[in-house]
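Scroll down for the structure; my scribbles are underneath it.
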Amino acid sequence: MRWWAGAWMIAGMVALAACGTSAGGGASGAASASGSSSAQPSSTAPTGPSASPSGASPSKSATAPSTPAGNCAAGHTEISVAPGDAVEQRLCVRPGTVVSLVLRPRVDDKRWTAVHSSAPVFVVASGWRLDADGTAHASLRCAGTRGGAAEITALAKAPDVAGAPRAAFTLHVSVVPYTTQG
């Protein structure tokens, strides 16, 4: 065996070990927060400032960064962003969840142009539609079995101004796998 083959084997084992610890660390839910804590097949996440978990909010939203993994959305969830909402939101989901991101028309002269994922292996933007009234719809599909995190960035730009669109909204998505026994 050549020396470089052994080096590649060691590098591969280190990479696999690092992937295993990041997925295991994400399963504890210590670094994730939930925009929607419903485990029903279909739920709607809040768009404004969230109430505390002990509040009488009908959406049962949680804001603490130490939200348990049991409060992650599963199946299908919808995030709606309206003018005046926070420019960053956090969402905890289970693997295989489909997130519908609805971006309401902006009040400034900028228009929604696209969404991008920082880690398409965990969350991929699989659909994009822009309505005539300026509302944008994006479909985000989460990884089927893997756990990890991705930042979904929605870009906006004035239609008559040259230059690249800028990030106007960021959704931090944490994909938390189900725990396994044994």
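Note: hydrogens, waters and symmetry copies are ignored here, and every other heavy atom, side chains too, is used. The residues of the chain are indexed from 1 along the displayed sequence. Predicted model, so just to flag it, every value in this text is computed and none were measured.
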Side-chain heavy atoms of I152 within contact of V173, under 4.5 Å: yes

Distance in Å, T135 OG1 paired with L103 CG, rounded so as to fall on 0.5 Å steps: 9.0 Å

Nearest-0.5 Å distance that lies between atom OG1 in T113 and atom CG in L130: 9.0 Å

Contact summary for A143 and V175, nearest pair of heavy atoms: O-CG1, 4.4 Å

Distance in Å, D85 CG paired with F169 CZ, rounded so as to fall on 0.5 Å steps: 8.0 Å

For T153, side-chain hydrogen bond (donor to acceptor under 3.5 Å, both in side chains) partners two or more places apart: none

Spacing of L171 atom CG and L91 atom CG [to the nearest 0.5 Å]: 5.5 Å

Short side-chain to backbone donor-acceptor contact, R94 and P177, under 3.5 Å: yes

Set of residues satisfying side chain to side chain contact (heavy atoms under 4.5 Å, CB included) with respect to P83, sequence neighbours excluded: R104, V107

Sequence neighbours excluded, every pair satisfying salt bridge (charged side-chain N to carboxylate O under 4.0 Å, His left out) that has a member inside residues 153-175: none

Side-chain donor-acceptor contact under 3.5 Å, T97 with H76: no

Check against side chain to side chain contact (heavy atoms under 4.5 Å, CB included), L101 and V81: CA-CA 8 Å; L101 181 61; V81 179; 4.2 Å; yes

Test side chain to side chain contact (heavy atoms under 4.5 Å, CB included) applied to V93 and C72, step by step: CA-CA 5 Å; V93 296; C72 294; 5.5 Å; no

Nearest heavy-atom neighbours spanning W128 and A138: CE3-CB, 3.9 Å

Test side chain to side chain contact (heavy atoms under 4.5 Å, CB included) applied to R106 - qualifying residues, sequence neighbours left out: D108, K110, W112, A156, A168

Exercise: do H172 and E88 side chains pair donor with acceptor under 3.5 Å: yes

Which atom of P95 lies closest to which atom of T145, heavy atoms considered: CB-N, 4.0 Å

Pairwise salt bridge (charged side-chain N to carboxylate O under 4.0 Å, His left out) hits with a residue in residues 122-131, at least two apart: R129-D131

Distance in Å, T170 OG1 paired with R90 CZ, rounded so as to fall on 0.5 Å steps: 10.0 Å

Worked check of side chain to side chain contact (heavy atoms under 4.5 Å, CB included) between V102 and I79: CA-CA 6 Å; V102 179; I79 303 290; over 6 Å; no

Sequence neighbours left out, cut at 3.5 Å: what donor-acceptor pairs do the side chains of residues 118-126 make with other protein atoms?
from: S118; atom 1: OG; to: E151; atom 2: N; distance (Å): 2.8
from: S126; atom 1: OG; to: S139; atom 2: O; distance (Å): 3.3
from: S126; atom 1: OG; to: R141; atom 2: NE; distance (Å): 3.2

Minimum-distance pair of heavy atoms, taken over all atoms of D109 and P159: O-CD, 3.3 Å

Partners passing salt bridge (Lys or Arg N to Asp or Glu O under 4.0 Å) against D133 (at least two apart in sequence or in another chain): none

